[in-house]
Amino acid sequence: MDKLRILVVDDESRMRKLVKDFLTKSGYDVLEAGDGEAAVDLFLQEKNIALIILDVMMPKMDGWQACREIRQYSKVPIIMLTAKSDERDELLGFQLGVDEYISKPFSPKILVARVEAILRRTGHKGLDDKLKAGGIVIDKAAHEATLDGVPIELSYKEFELLVYFIENRGIALSREKILNNVWNYDYFGDARTIDTHVKKLRSKMGTKGDYIKTIWGMGYKFEVDQ
């Protein structure tokens, strides 16, 4: 299977190297650009870029303009990086079709986890149909789950919840975010329904139920113990 190619755009060479090292270790092929203008040129030359990580503040052409230029040609997933935590910037990013918005400083491991989640969510053909984490194997096509090779009986929502957790492993997820993504935005029930399903899912997972960590006052995080 060919490696998925990711374009990392940042005017700080140290930041590019840091992100590139973590993505390379995770099996991705990484291209680099130091400003928005070079990023747009490189993107138009390379037809097989699966995702772009794009800094906002850059010389020649900033991240917003680069995003506008790229969106004229492609709906490629884009993660925006910014040193500012400004709601107006975040809203502008989503209006431009940005998929994720991450403020600096950030954990490279979390960035990689978000890259993987976006690529799975957008159904990129380069990804394996099976999800694997800590002895858990999910076959999305067959709608089956196994724990250390043993099939586990899950309800439809329990299965979808486990898939969502594994696809977003390492990322703290609020109850509202889980509800919106697993139950969809047209569900207006109590967010506490998440707790009920998580409790049932944990019990069916046995000792591996501990992978689903509770974040008090917020929600949950799926994390495989090392």
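Please read these numbers as outputs of a predicted model, since none were measured by experiment.
The residues D99 and R114 are annotated as not salt-bridged, no charged nitrogen and carboxylate oxygen being separated by less than 4.0 angstrom. Remark: K200 does not engage E158 in a salt bridge, criterion side-chain N to carboxylate O under 4.0 Å.
Between L54 atom CG and L7 atom CG the span is 8.0 Å, to the nearest 0.5 Å. Separating the OH atom in Y164 from the CG atom in L173 is a distance of 5.0 Å, to the nearest 0.5 Å. Between the CG atom in L4 and the CD atom in E116 there is a gap of 10.0 Å [rounded to 0.5 Å]. Note: I52 CD1 to I78 CD1 = 5.0 Å, rounded to the nearest 0.5 Å. Atoms NZ and CZ, on K109 and R169 in that order, are 13.5 Å from each other to the nearest 0.5 Å. Note that NZ of K208 is 15.5 Å distant from CZ of R202, once rounded to the nearest 0.5 Å.
Cluster annotation: F106 and L18 are assigned to the same hydrophobic cluster (Ile/Leu/Val/Met/Phe/Trp/Tyr, side-chain heavy-atom contacts under 4.5 Å, transitive). One hydrophobic cluster holds both W64 and Y73 under the rule that ILVMFWY side chains link at heavy-atom gaps under 4.5 Å. Placement of V150 and I152 in two distinct hydrophobic clusters is found when ILVMFWY residues are connected by side-chain heavy-atom separations under 4.5 Å, directly or transitively. With hydrophobic clusters built from ILVMFWY side chains whose heavy atoms lie under 4.5 angstrom apart, V163 shares a cluster with L179. Under a hydrophobic clustering in which Ile, Leu, Val, Met, Phe, Trp and Tyr are joined whenever their side-chain heavy atoms come within less than 4.5 Å, directly or via other members, L154 and V137 fall into different clusters.
Between the side chains of D195 and Y220, at least one donor N or O lies within less than 3.5 Å of an accepting N or O.
Considering only heavy atoms from C-beta on, D55 stays 4.5 Å or farther from V9 through its side chain. The closest side-chain heavy-atom distance from H143 to E160 is below 4.5 Å. Contact check for I136 versus L162: side-chain heavy atoms found under the 4.5 Å cut-off. E144 has its side chain out of reach of I138: every pair of non-hydrogen atoms, C-beta onward, lies at least 4.5 Å apart. By the 4.5 Å heavy-atom criterion applied to side chains, R68 and Q65 are counted as neighbours. With contacts defined as side-chain heavy-atom distances shorter than 4.5 Å, the pair I212/M205 qualifies. Side-chain contact between I79 and I118 is present, with at least one heavy-atom pair separated by less than 4.5 Å.
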Review point. What's the verdict on side chain to side chain contact (heavy atoms under 4.5 Å, CB included) for L31 and I49, showing C-alpha distance, side-chain angles and the deciding distance?
Key: CA-CA 9 Å; L31 297 176; I49 291 173; 4.2 Å; yes
Practice item. Go through M58 and E12 one step at a time and tell me if the side chain to side chain contact (heavy atoms under 4.5 Å, CB included) criterion holds. Key: CA-CA 9 Å; M58 292 184 295; E12 297 181 43; over 6 Å; no
Review point. Hey, mind stepping through I53 and L23 against side chain to side chain contact (heavy atoms under 4.5 Å, CB included) and telling me if it holds?
Key: CA-CA 11 Å; I53 297 173; L23 289 170; 3.9 Å; yes
Exercise for review: Verify side chain to side chain contact (heavy atoms under 4.5 Å, CB included) between K157 and L161, making sure each step is shown before the conclusion.
Suggested key: CA-CA 6 Å; K157 281 302 177 190; L161 184 59; over 6 Å; no
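For Q72, the CD atom sits in a packed shell: over 12 heavy atoms of surrounding residues, nucleotides or ligands are nearer than 6.0 Å. Within 6.0 Å of NZ in K199 there are 12 or fewer heavy atoms belonging to other residues, nucleotides or ligands.
Summarising the geometry of L119 relative to A50, their closest heavy-atom pair is CD2-O, 3.7 Å, with the distance given to 0.1 Å. Of all the heavy atoms in V112 and S26, the pair that sits closest is CG1-OG, 3.3 Å. Of all heavy-atom pairs between A117 and N168, the closest is CB-OD1, 3.3 Å. Here the shortest heavy-atom pairing between I171 and K221 reads O-CG, 3.6 Å. Taking every heavy atom of both residues into account, V224 and G134 meet most closely at CG1-CA, 3.8 Å.
Y211 and F222 have perpendicular rings, their planes meeting at more than 60° on a 0 to 90° scale where under 30° would count as parallel.
With sequence neighbours excluded, the residues that form a side chain to side chain donor-acceptor pair (under 3.5 Å) with E167 are K140. Under the rule for a side chain to side chain donor-acceptor pair (under 3.5 Å), K60 has no partner lying at least two apart in sequence or in another chain.
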Can you list, pair by pair, the side-chain donor-acceptor contacts under 3.5 Å of residues 32-44, counting residues two or more places apart and other chains?
unit_1 : atom_1 : unit_2 : atom_2 : d
E32    : OE1    : R16    : NE     : 2.9
E32    : OE2    : K20    : NZ     : 3.3
D35    : OD1    : E37    : N      : 3.0
D35    : OD1    : A38    : N      : 2.8

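The main-chain N or O of E153 is found under 3.5 Å from a side-chain atom of K204 such that the two form a donor-acceptor pair.
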